[in-house]
A.B. asks: 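After the structure tokens below, expect a handful of questions from me.
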Amino acid sequence: MDTRRSFLIKGVAGCLAIMLPAGTAGCSPVKSHPGLKTRSPRRALVAWYSQTGHTRRIGKIIGSEWIRAGLSVDLTDYRDINSSDLAGYDLIALGTPVYYMDVPVNLRRWIRALPSLAGIPVAAYVTYGGHGDGQHHTACGLLEELARKGAVPGGMDTYGNMSTFAPTWSMGNEKRTLKYKDRPNEQTYARARRFAADLLEKVRAGQSHEIDREFGLDSLTRLLPQVWFTRLMIGRHYIDKDTCIECGLCRDNCPVDAIDLSEKTIDRDRCLVCLGCVNNCPAGAVRMTFMGSDVYGFQEFLKRNNITILEPQL
């Protein structure tokens with residue numbers, strides 16, 4: 001059960017807390033960077049990795065606020081970016097959901113393959129489900145990755161949403177997810193607007209952001225192979241050929257190209273267990289079992305509970 005998963009992870013984390021020396025939990029701050037490329041940004045990029053729409057919504061709000069401020073803004077999925085064009089931006093915001101309490105592996109790999117971002121002010125924003133775990137560390141990690149490419153950290157923020165971890169409700173713990181069924185709400189979007197405005201103000205003032213990790217239980221659980229724990233609990237994971245309508249959403253949303261739609265197969269060795277294929281399939285053709293229970297996706301969960309996600313006014 002999901003409770004058992006949490007118990008196992010926290011139990012091991014507790015052991016690590018006892019064994020690790022006091023200084024291990026800290027994070028060395030990113031070294032100082034060159035001055036800002038410009039204090040009068042004109043062209044900006046807002047990019048995201050978003051599987052069910054939460055991160056994309058926040059990104060569009062940030063972009064719309066910058067457009068109102070007079071900037072020319074491109075808004076896109078990170079996979080649609082031509083990395084050679086990045087040097088032409090004066091300001092960049094990149095968003096991601098928390099991936100097992102950390103930056104998604106696919107996004108981290110993409111950033112590390114980028115050309116230099118020297119002098120470009122960047123911001124990181126992170127979305128998380130329910131009460132959240134690891135969101136601050138994910139934001140720090142994302143901003144650190146960008147800073148290592150020479151970018152100047154401009155700021156970061158995190159935004160709570162209804163969880164999209166399908167095994168939770170599929171195993172009978174719907175209440176845990178439904179507790180946050182009003183998220184994102186107007187307060188969430190208002191905070192994103194303030195974040196966008198504050199970022200622009202800081203850049204124009206020539207200010208940068210100091211990355212400061214916090215220490216807590218999630219600091220330790222980031223050291224655990226949580227994807228490995230989840231893999232152990234997953235039984236079947238395949239595409240039902242009789243149910244598949246070949247819409248391509250599972251393939252298009254897979255961040256590591258693990259799905260061959262023509263053969264109706266999933267490469268489980270390549271799979272990152274992001275659950276995007278399960279959550280986005282409109283026909284329920286992507287099948288999975290978690291500790292013996294059949295898993296159904298986020299779109300189906302919304303239908304069963306008559307929930308409509310609040311869209312932001314742009």
Side-chain angles (χ1 to χ4, degrees), residues 2 47-60 75-81 95-100 104-107 110 127 129 161-174 176-178 180-181 183-184 227 230-231 233-312 314:
D2 189 60
W48 53 75
Y49 167 51
S50 183
Q51 288 287 40
T52 54
H54 290 327
T55 313
R56 182 181 67 250
R57 291 183 184 94
I58 299 299
K60 286 188 173 181
L75 300 98
T76 185
D77 184 292
Y78 82 96
R79 290 168 287 189
D80 295 329
I81 295 173
T96 182
V98 174
Y99 169 80
Y100 298 98
V105 176
N106 51 293
L107 188 58
W110 178 79
T127 58
N161 306 282
M162 182 168 47
S163 173
T164 61
F165 189 68
T168 300
W169 58 73
S170 298
M171 299 186 67
N173 201 355
E174 296 93 342
R176 181 175 177 178
T177 302
L178 291 173
Y180 301 91
K181 67 180 181 179
R183 311 288 175 83
V227 178
T230 304
R231 285 185 186 276
M233 298 175 189
I234 292 176
R236 296 176 295 162
H237 185 194
Y238 67 100
I239 298 175
D240 185 336
K241 297 181 180 180
D242 295 328
T243 308
C244 178
I245 60 175
E246 298 188 354
C247 65
L249 284 176
C250 60
R251 176 198 59 208
D252 297 343
N253 280 281
C254 180
V256 289
D257 298 322
I259 296 176
D260 185 336
L261 197 57
S262 62
E263 297 295 328
K264 306 291 191 301
T265 58
I266 299 174
D267 186 337
R268 296 189 60 176
D269 291 331
R270 181 178 292 184
C271 175
L272 297 178
V273 200
C274 70
L275 303 175
C277 56
V278 174
N279 279 331
N280 288 295
C281 180
V286 180
R287 304 294 176 84
M288 175 185 286
T289 58
F290 188 87
M291 293 189 68
S293 297
D294 290 327
V295 175
Y296 64 96
F298 187 59
Q299 302 305 321
E300 178 63 22
F301 179 76
L302 294 178
K303 291 178 182 177
R304 292 188 187 187
N305 292 279
N306 195 30
I307 297 172
T308 300
I309 301 295
L310 177 67
E311 295 293 336
L314 302 176

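All values below were derived from every heavy atom in this structure, side-chain atoms included, with hydrogens, water molecules and symmetry-related copies excluded.
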A.B. asks: According to side-chain hydrogen bond (donor to acceptor under 3.5 Å, both in side chains), who are the partners of Glu300, at least two apart in sequence or on a separate chain?
C.D. replies: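 With sequence neighbours excluded, Glu300 shows a side-chain hydrogen bond (donor to acceptor under 3.5 Å, both in side chains) to Arg304, given in chain and number order.
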
A.B. asks: Distance-only check: which donor-acceptor pairs under 3.5 Å involve side-chain atoms of residues 305-312, not counting sequence neighbours?
C.D. replies:
residue : atom : partner : partner atom : Å
Asn305  : ND2  : Phe301  : O            : 2.9
Glu311  : OE1  : Arg57   : NE           : 3.3
Glu311  : OE2  : Arg57   : NE           : 3.1
Glu311  : OE2  : Arg57   : NH2          : 3.1

A.B. asks: For Arg287, enumerate each residue passing the salt bridge (Lys or Arg N to Asp or Glu O under 4.0 Å) test, keeping only those at least two apart in sequence or located in another chain.
C.D. replies: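 Per chain and number, Arg287 pairs via salt bridge (Lys or Arg N to Asp or Glu O under 4.0 Å) with Asp240.
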
A.B. asks: For Asp294, check salt bridge (Lys or Arg N to Asp or Glu O under 4.0 Å) against everything at least two apart and list the hits.
C.D. replies: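 If we apply the salt bridge (Lys or Arg N to Asp or Glu O under 4.0 Å) test to Asp294, skipping adjacent residues, the hits are Arg236.
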
A.B. asks: Which residue is it: Ile266, Ile259, Thr265? I am looking for the one with a side-chain contact (heavy atoms from CB on, under 4.5 Å) to Glu263.
C.D. replies: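 Exactly one option meets the side-chain contact (heavy atoms from CB on, under 4.5 Å) with Glu263, and it is Thr265.
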
A.B. asks: Tell me the closest heavy-atom pair linking Val295 and Phe290, and the distance in Å.
C.D. replies: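 So the two residues come closest at CG2-CB, 3.6 Å.
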
A.B. asks: Can you name the closest pair of heavy atoms from Tyr49 and Pro255 and give their distance?
C.D. replies: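 Nearest pair, atom of Tyr49 first, then Pro255: OH-CG, 3.5 Å.
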
A.B. asks: How would you list, by chain and number, every residue that makes a side-chain hydrogen bond (donor to acceptor under 3.5 Å, both in side chains) with Ser262, sequence neighbours excluded?
C.D. replies: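 Checked Ser262 against side-chain hydrogen bond (donor to acceptor under 3.5 Å, both in side chains); matches are Asp260.
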
A.B. asks: Does Arg270 use its side chain to pair, donor to acceptor, with the backbone of Asp257 at less than 3.5 Å?
C.D. replies: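 Indeed, once roles are kept as given, a pair shorter than 3.5 Å links the two residues.
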
A.B. asks: Look only at the side chain of Ser170 and the backbone of Tyr296, and say whether a donor-acceptor pair between them is shorter than 3.5 Å.
C.D. replies: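 Checked: pair present.
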
A.B. asks: Minimum heavy-atom separation for Gly59 to Leu75, with atom names?
C.D. replies: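 Closest approach of Gly59 to Leu75, heavy atoms only: O-CD2, 3.7 Å.
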
A.B. asks: My understanding is that only residues two or more places apart in sequence, or in another chain, count here; which of them pass side-chain hydrogen bond (donor to acceptor under 3.5 Å, both in side chains) with Thr55?
C.D. replies: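 Thr55: side-chain hydrogen bond (donor to acceptor under 3.5 Å, both in side chains) contacts with Thr127.
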
A.B. asks: Just how far is it from atom CG of Leu302 to atom OG1 of Thr177, taken to the nearest 0.5 Å?
C.D. replies: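 That separation rounds to 10.5 Å.
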
A.B. asks: Mind checking whether His54 and Phe298 have parallel, tilted or perpendicular rings, split at 30° and 60°?
C.D. replies: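 It falls in the perpendicular class, over 60°.
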
A.B. asks: Ignoring hydrogens and geometry, is there a side-chain-to-backbone donor-acceptor pair from Ser50 to Gly53 under 3.5 Å?
C.D. replies: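 Indeed, once roles are kept as given, a pair shorter than 3.5 Å links the two residues.
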
A.B. asks: Given Cys244 and Leu261, is the side-chain contact (heavy atoms from CB on, under 4.5 Å) satisfied, shown in steps?
C.D. replies: CA-CA 9 Å; Cys244 178; Leu261 197 57; 4.1 Å; yes

A.B. asks: Please report the C-alpha distance between Tyr78 and Asn106 in whole Å, then the side-chain angles of each, then the deciding distance to 0.1 Å, and finally whether the side-chain contact (heavy atoms from CB on, under 4.5 Å) criterion is met.
C.D. replies: CA-CA 11 Å; Tyr78 82 96; Asn106 51 293; 2.9 Å; yes

A.B. asks: Distance check, rounded to the nearest 0.5 Å: Asn279 atom CG versus Met288 atom CE?
C.D. replies: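 Going from the CG atom of Asn279 to the CE atom of Met288 covers 9.0 Å.
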
A.B. asks: Go through the structure and list residues passing salt bridge (Lys or Arg N to Asp or Glu O under 4.0 Å) with Arg268, not counting sequence neighbours.
C.D. replies: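 Partners of Arg268 under the salt bridge (Lys or Arg N to Asp or Glu O under 4.0 Å) test: none.
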
A.B. asks: Kindly write out the residues that satisfy side-chain hydrogen bond (donor to acceptor under 3.5 Å, both in side chains) with Lys60, not counting sequence neighbours, or none if the list is empty.
C.D. replies: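 For Lys60 there are no side-chain hydrogen bond (donor to acceptor under 3.5 Å, both in side chains) partners, ignoring immediate neighbours.
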
A.B. asks: Which distance, rounded to the nearest 0.5 Å, do you find between the CD of Gln51 and the CZ of Arg56?
C.D. replies: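 One finds 10.5 Å between CD of Gln51 and CZ of Arg56.
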
A.B. asks: Pairs under 3.5 angstrom only: tabulate donor-acceptor contacts from the side chains of residues 247-254 to other protein residues two or more places apart or in another chain.
C.D. replies:
residue : atom : partner : partner atom : Å
Asn253  : ND2  : Leu249  : O            : 2.8

A.B. asks: Looking at Ile81 and Ala47, what are the two nearest heavy atoms and their distance?
C.D. replies: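 That would be CD1-CB, 3.5 Å.
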
A.B. asks: Under the rule for salt bridge (Lys or Arg N to Asp or Glu O under 4.0 Å), what residues qualify as partners of Asp77, not counting sequence neighbours?
C.D. replies: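 Asp77 satisfies salt bridge (Lys or Arg N to Asp or Glu O under 4.0 Å) with Arg79 once adjacent residues are dropped.
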
A.B. asks: Could you list the residues that satisfy ring-ring contact (aromatic ring centres under 6.0 Å, His included) with Tyr99, not counting sequence neighbours?
C.D. replies: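 None.
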
A.B. asks: What is the minimum heavy-atom distance between Cys277 and His237, and which atoms define it?
C.D. replies: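 Scanning both residues completely, I find the closest heavy atoms to be SG-NE2, 3.3 Å.
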
A.B. asks: Rounded to the nearest 0.5 Å, how far apart are OG1 of Thr96 and CD1 of Ile58?
C.D. replies: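 It comes to 13.0 Å.
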
A.B. asks: Rounded to the nearest 0.5 Å, what separates atom OG1 in Thr52 from atom CG in Leu275?
C.D. replies: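 Interatomic distance, Thr52 OG1 to Leu275 CG, rounded to 0.5 Å: 10.5 Å.
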
A.B. asks: How long is the gap from CE on Met233 to CE on Met291, to the nearest 0.5 Å?
C.D. replies: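 Atom-to-atom, Met233:CE and Met291:CE are 5.5 Å apart.
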
